[in-house]
Student: 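Attaching a single structure in structure tokens format; questions to follow.
Order of listing sets the numbers, starting from 1, for every ligand and every atom in it. Note that this is a predicted model, so its numbers are computed, not measured.
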Amino acid sequence: MARLAVNVDHVANIRQARGIDIPDPVTAAALVELAGAHGIVVHLREDRRHIQDRDLRLLRETVKTKLNLEMAATPEIIGIAKEVRPDVVTLVPEKREELTTEGGLDVKGNIDALEAAVGELQAVGIRVSAFVDPDLVQIKASIDVGADIVELHTGTYAEAKDEETGLIEAEKIAKAAIFASKGGLRVSAGHGLDYRNVELITEIEEIEEFSIGYSIVARAVMVGITQAVMEMLTLVT
Ligand code: PXP
């Protein structure tokens, strides 16, 4: 049975649009957990466009399931992670001008820096996940840098224009998941997954956890966050 980790960045996006203190991603995280989700995910971006340092610190104190911090492997954010100690860190690429994380991390091209970052985080008891495209070269590199988990980027699958392309992308994700699992990594998946496209990916047994944000928060605006989480749980677990 797979787990569902819910990304609450978009609750903070709505808050930041007004620059006041509602809606609160920390309150949302509590409701998400009460609805049965297995983890909370936030991305502390270098530009602090949505989640703020205070949110992360409060979440560390309040999250009862598992806190996963998405972050770029920069000295500043690594320092914060070592201090706050989320259960898991997911290393992602970060570009200031992007709307959301575009593409997976180039682990192969940054072996030395990432090996050092992984070691530093693991030394304080944090498990490290690498967010990579479903590309065997990047997965092999993730093993080489000592990552515990790979999160497979499902964005290309989610954006497929027709069923045939979707099936081809799903097949790539399945092959990548099997390769990663055989290589000793735990496997997660996420990005762009929604209530319509997630089911095909749930058929891939190696994927233990789904990290989903936007579609759940968007549905929550219409039906409430408890129902939105519960509906997704019935699809992924
Ligand atoms: N996983 C990672 C590494 C991400 O960067 C994101 C986006 O913040 C997600 C999962 C969730 O993507 P979405 O919001 O499209 O569900």
Student: Would Val92 and Leu105 show up in the same hydrophobic cluster when neighbours are defined by side-chain heavy atoms closer than 4.5 Å?
Tutor: no
Student: Taking the six-membered ring of Tyr195 as reference, does the cationic atom of Arg219 (NZ for Lys, CZ for Arg) lie under 6.0 Å from its centre and within 45° of its axis?
Tutor: yes
Student: I'd like to check which ligand 1 atoms, numbered from 1 as shown, lie under 4.0 Å from a non-hydrogen atom of Gly192.
Tutor: 12 (O), 13 (P), 15 (O), 16 (O)
Student: Looking at Val92, which atoms of ligand 1 are within less than 4.0 Å of one of its heavy atoms?
Tutor: 3 (C)
Student: Are any side-chain N or O atoms of Gln52 and backbone N or O atoms of His50, one a donor and one an acceptor, separated by less than 3.5 Å?
Tutor: yes
Student: When you look for heavy atoms under 4.0 Å from ligand 1, do you find them on the side chain of Glu70, its backbone, both, or neither?
Tutor: side chain
Student: Below 4.0 angstrom from a heavy atom of Asn7, which ligand 1 atoms are there? Numbered from 1 as shown, please.
Tutor: 8 (O)
Student: Determine which pairs satisfy side chain to side chain donor-acceptor pair (under 3.5 Å) with at least one residue from residues 25-37, sequence neighbours left out, and list them in order.
Tutor: Asp24-Thr27, Glu33-Thr65
Student: Looking at ligand 1, does any of its N/O atoms fall within less than 3.5 Å of an N/O of Glu151?
Tutor: yes
Student: What about Leu193: any of its N or O atoms under 3.5 Å from an N or O on ligand 1?
Tutor: no
Student: Ignoring hydrogens and angles, write down the donor-acceptor pairs under 3.5 Å from the side chains of residues 166-180, residues two or more places apart or on other chains.
Tutor:
unit_1 : atom_1 : unit_2 : atom_2 : d
Glu169 : OE2    : Lys172 : NZ     : 3.0

Student: I'd like to check which ligand 1 atoms, numbered from 1 as shown, lie under 4.0 Å from a non-hydrogen atom of Tyr214.
Tutor: 13 (P), 14 (O), 16 (O)
Student: Sub-3.5 Å donor-acceptor pair from the side chain of Asp194 to the main-chain atoms of Arg196, do we have one?
Tutor: yes
